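These notes concern the structure reproduced below.
Note that the numbering runs from 1 along the sequence shown for the chain. As the structure is a computational prediction, the values presented were derived from the model and not from experiment.
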Amino acid sequence: MSLNLFHAAVADWFSKELGEPTAVQKQAWPAIQQKQHILISAPTGSGKTLAAFLSIIDEMVKQAAVGQLEDNTSVVYVSPLKALSNDIHKNLKVPLDGIRQRFEQAETPIDIRVGLRTGDTTSSQRTSMYRNPPHILITTPESLYLLLTSMNGRKLLKQVKTVIIDEIHAILESKRGSHLALSIERLARLTEHTLTRIGLSATQKPIEQVADFLTGSKECQIIDNGHHRKMDLAIEVTASPLEAIMSNEVWTEVYERLRDLIQEHDTTLIFVNTRRLAERMAHRLTEYVGSDSISAHHGSMSKEHRLSAEQKLKSGALKALVATASMELGIDIGNVDLVCQMGSPRSIANFLQRVGRSGHSIAGTPK
């Protein structure tokens with residue numbers, strides 16, 4: 001699909017900021033413009049987010065340009081993580097601000113609002129959202145369920161035309177996934193429009209079953225760009241023998257090796273499998289690389305601590321972050337040079353997702 005089919009302000013922003021569309025974007029945009037159900041399956045760093053959003057933003061821009069943009073919520077974006085929801089909220093501001101500036105230069109105001117509704121959203125923010133509904137609502141599966149059970153929430157969702165489910169593979173086989181599937185069907189019954197469903201996924205097999213989960217076995221266009229991507233992988237084992245309970249000698253070797261790897265790279269993301277180990281390892285690593293250079297991140301930490309750790313990592317203020325699965329999905333954390341996985345990742349899919357947090361760009365090489 002050519003950028004010429006977009007509004008001039010949208011095409012100008014994309015071409016000047018990002019250049020040429022990726023393969024997945026070229027395939028996705030026409031289908032979304034035609035209101036088809038669509039499942040996008042592509043590796044991390046393939047431009048999936050804008051593949052899902054840019055056609056929708058373009059439609060809103062064209063409506064706003066002629067004064068026909070309705071003052072209601074028409075798009076719901078569902079993310080499995082609160083942190084990922086915050087990240088998408090910030091990342092949508094970049095294209096919207098860029099497009100808005102081009103309109104202001106032409107003396108035509110445009111106001112496309114983005115709202116965030118998660119467990120971290122305050123009661124005053126929720127009340128404000130009901131009074132002044134965002135055009136794009138970013139939420140989590142649990143918060144979507146709560147919206148569907150309240151009078152104000154159902155009123156907010158009554159004009160929704162499109163639902164985007166990000167990282168659909170992360171909840172596919174869980175109770176959260178079953179619960180979300182029910183919520184999407186409730187949303188489809190509630191809205192006064194035909195609900196278009198868009199799913200974003202890392203590579204899954206069989207991909208047809210993911211599409212059935214997304215649409216309830218309705219017709220769905222699948223864009224599968226595969227998972228083949230050059231990676232730089234290595235497995236390391238301590239010199240001392242590993243046992244069921246690791247000795248202090250083994251842990252010392254682990255921390256010394258991590259210290260060397262952290263010092264050899266600008267930014268390192270270390271994945272562990274438990275929250276307790278994340279905090280313990282972050283604490284111990286401060287003895288090796290300094291207290292200001294290391295932090296921990298997991299879902300039980302406060303909103304303020306999580307956001308602070310994410311921003312410090314993105315800005316380059318941290319040399320390393322020790323995290324659980326809370327950081328394995330598509331959060332924009334800047335340029336990570338190296339990912340370390342401590343112990344078993346428990347599945348190849350999880351491992352590939354975590355490795356993909358490094359070299360997180362179209363031309364990058366995960367390491």
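Heavy atoms only, all atoms of each residue included: V61 and V10 are closest at CG2-CG2, 4.0 Å. The heavy-atom pair separating L258 from C340 by the smallest distance is CD2-SG, 4.0 Å. Minimum heavy-atom separation, R346 to S344: N-OG, 3.0 Å. T215 approaches H37 most closely through the heavy-atom pair CG2-CB, 3.7 Å. Shortest non-hydrogen contact noted between E253 and A239 is OE1-N, 2.9 Å. Here the shortest heavy-atom pairing between V289 and R259 reads CG1-CG, 3.9 Å.
Around the NE2 atom of H283, the shell of radius 6.0 Å holds no more than 12 heavy atoms that belong to other residues, nucleotides or ligands. Counted within 6.0 Å of CG on D292, heavy atoms from surrounding residues, nucleotides or ligands total 12 or fewer; the atom is thus considered open. No more than 12 heavy atoms of other residues, nucleotides or ligands shown are found within 6.0 angstrom of CG on N248. Counting non-hydrogen atoms of neighbouring residues, nucleotides and ligands closer than 6.0 angstrom, the CD atom of E219 reaches no more than 12 such neighbours. Within a 6.0 Å sphere centred on NZ of K155, other residues, nucleotides and ligands contribute 12 heavy atoms or fewer. For R113, the CZ atom is densely surrounded, since the number of other residues' heavy atoms within 6.0 Å is greater than 12. The environment of OH in Y145 is sparse: at most 12 heavy-atom neighbours from other residues, nucleotides or ligands sit within 6.0 Å.
Proximity of a side-chain donor or acceptor of T127 to a complementary backbone N or O of S123 within less than 3.5 Å is detected. Formation of a donor-acceptor pair under 3.5 Å by the T139 side chain with backbone atoms of R117 is found in this model. Under the 3.5 Å distance criterion, the side-chain polar atoms of H305 are matched with a main-chain donor or acceptor of A296. No donor-acceptor distance shorter than 3.5 angstrom exists from the side chain of Q209 to the backbone of P206, with no hydrogens or angles considered. With T121 contributing its side chain and L116 its backbone, the two residues share a donor-acceptor pair below 3.5 Å. Using a distance-only test at 3.5 Å, with no hydrogens or angles considered, no donor-acceptor pair links the side chain of D166 to the main chain of S79. Judged by distance alone, with hydrogens and angles left aside, the side-chain atoms of T191 form no donor-acceptor pair with the main-chain N or O of A188 at under 3.5 Å. Distance alone, capped at 3.5 Å, places no donor-acceptor pair between the R354 side chain and the Q341 backbone.
Looking only at side-chain heavy atoms (C-beta outward), M342 and V322 stay at 4.5 Å or farther from each other. Residues L147 and V76 fail the side-chain proximity criterion, which asks for heavy atoms closer than 4.5 Å. Residues Q63 and E70 form no side-chain contact, since every pair of their non-hydrogen atoms from C-beta on lies 4.5 Å or further apart. Side-chain contact check for V160 versus L190: every heavy-atom pair is 4.5 Å or farther apart. In this structure, T252 and E249 have side chains that are not in contact, with every pair of non-hydrogen atoms separated by 4.5 Å or more. A 4.5 Å side-chain heavy-atom check between W13 and L18 finds at least one atom pair inside the cut-off. P134 is not listed as a side-chain neighbour of V114, based on a closest heavy-atom distance of 4.5 Å or more. For the pair T268/L261, no side-chain contact is recorded, criterion being any heavy-atom separation below 4.5 Å from C-beta on.
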Determine whether S240 and T238 satisfy the following criterion, side-chain hydrogen bond (donor to acceptor under 3.5 Å, both in side chains), listing intermediate values before the conclusion.
CA-CA 5 Å; S240 302; T238 57; 5.6 Å; no
Take I57 and I99 through the side chain to side chain contact (heavy atoms under 4.5 Å, CB included) test and state the conclusion after the steps.
CA-CA 10 Å; I57 292 174; I99 294 166; 3.9 Å; yes
Does E279 form a side chain to side chain contact (heavy atoms under 4.5 Å, CB included) with M301? I'd like the steps, not just the answer.
CA-CA 10 Å; E279 295 186 15; M301 289 180 163; 4.0 Å; yes
What verdict does the side chain to side chain contact (heavy atoms under 4.5 Å, CB included) test give for V75 and M60, after you've listed the backbone C-alpha separation in whole Å, the side-chain angles of each residue and the deciding distance to 0.1 Å?
CA-CA 10 Å; V75 180; M60 291 183 179; 3.7 Å; yes
Please report the C-alpha distance between L180 and I168 in whole Å, then the side-chain angles of each, then the deciding distance to 0.1 Å, and finally whether the side chain to side chain contact (heavy atoms under 4.5 Å, CB included) criterion is met.
CA-CA 10 Å; L180 176 59; I168 194 171; over 6 Å; no
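Rounding to the nearest 0.5 Å places CD1 of I164 at 13.5 Å from NZ of K48. Atom OG in S201 sits 7.5 Å away from atom CG in L172 (nearest 0.5 Å). Rounded to the nearest 0.5 angstrom, T286 OG1 and M281 CE are separated by 12.5 Å. Rounded to the nearest 0.5 Å, atoms CD1 (I38) and OG (S41) are 11.5 Å apart. In this structure, the separation between OG on S183 and CD1 on I165 is 9.5 Å, given to the nearest 0.5 Å. To the nearest 0.5 Å, the span separating CE on M129 from CG on L156 amounts to 7.0 Å.
A single hydrophobic cluster is seen to contain both W251 and L242, as judged by linkage of ILVMFWY side chains at heavy-atom distances under 4.5 Å, directly or through other members. Linking Ile, Leu, Val, Met, Phe, Trp and Tyr residues whenever their side-chain heavy atoms come within less than 4.5 Å leaves V272 and V355 in two separate clusters.
Applying the ring-ring contact (aromatic ring centres under 6.0 Å, His included) test between F14 and each of F53, F6, W29 identifies W29 as the sole match.
Salt bridge annotation for R197-E185: present, with a cationic side-chain nitrogen under 4.0 angstrom from a carboxylate oxygen. Between D337 and K319, none of the side-chain N atoms (NZ, or NE/NH1/NH2) sits under 4.0 Å from a carboxylate O, so this pair counts as no salt bridge. Taking the charged nitrogens against the carboxylate oxygens, R284 and E287 do have a contact shorter than 4.0 Å, which makes a salt bridge.
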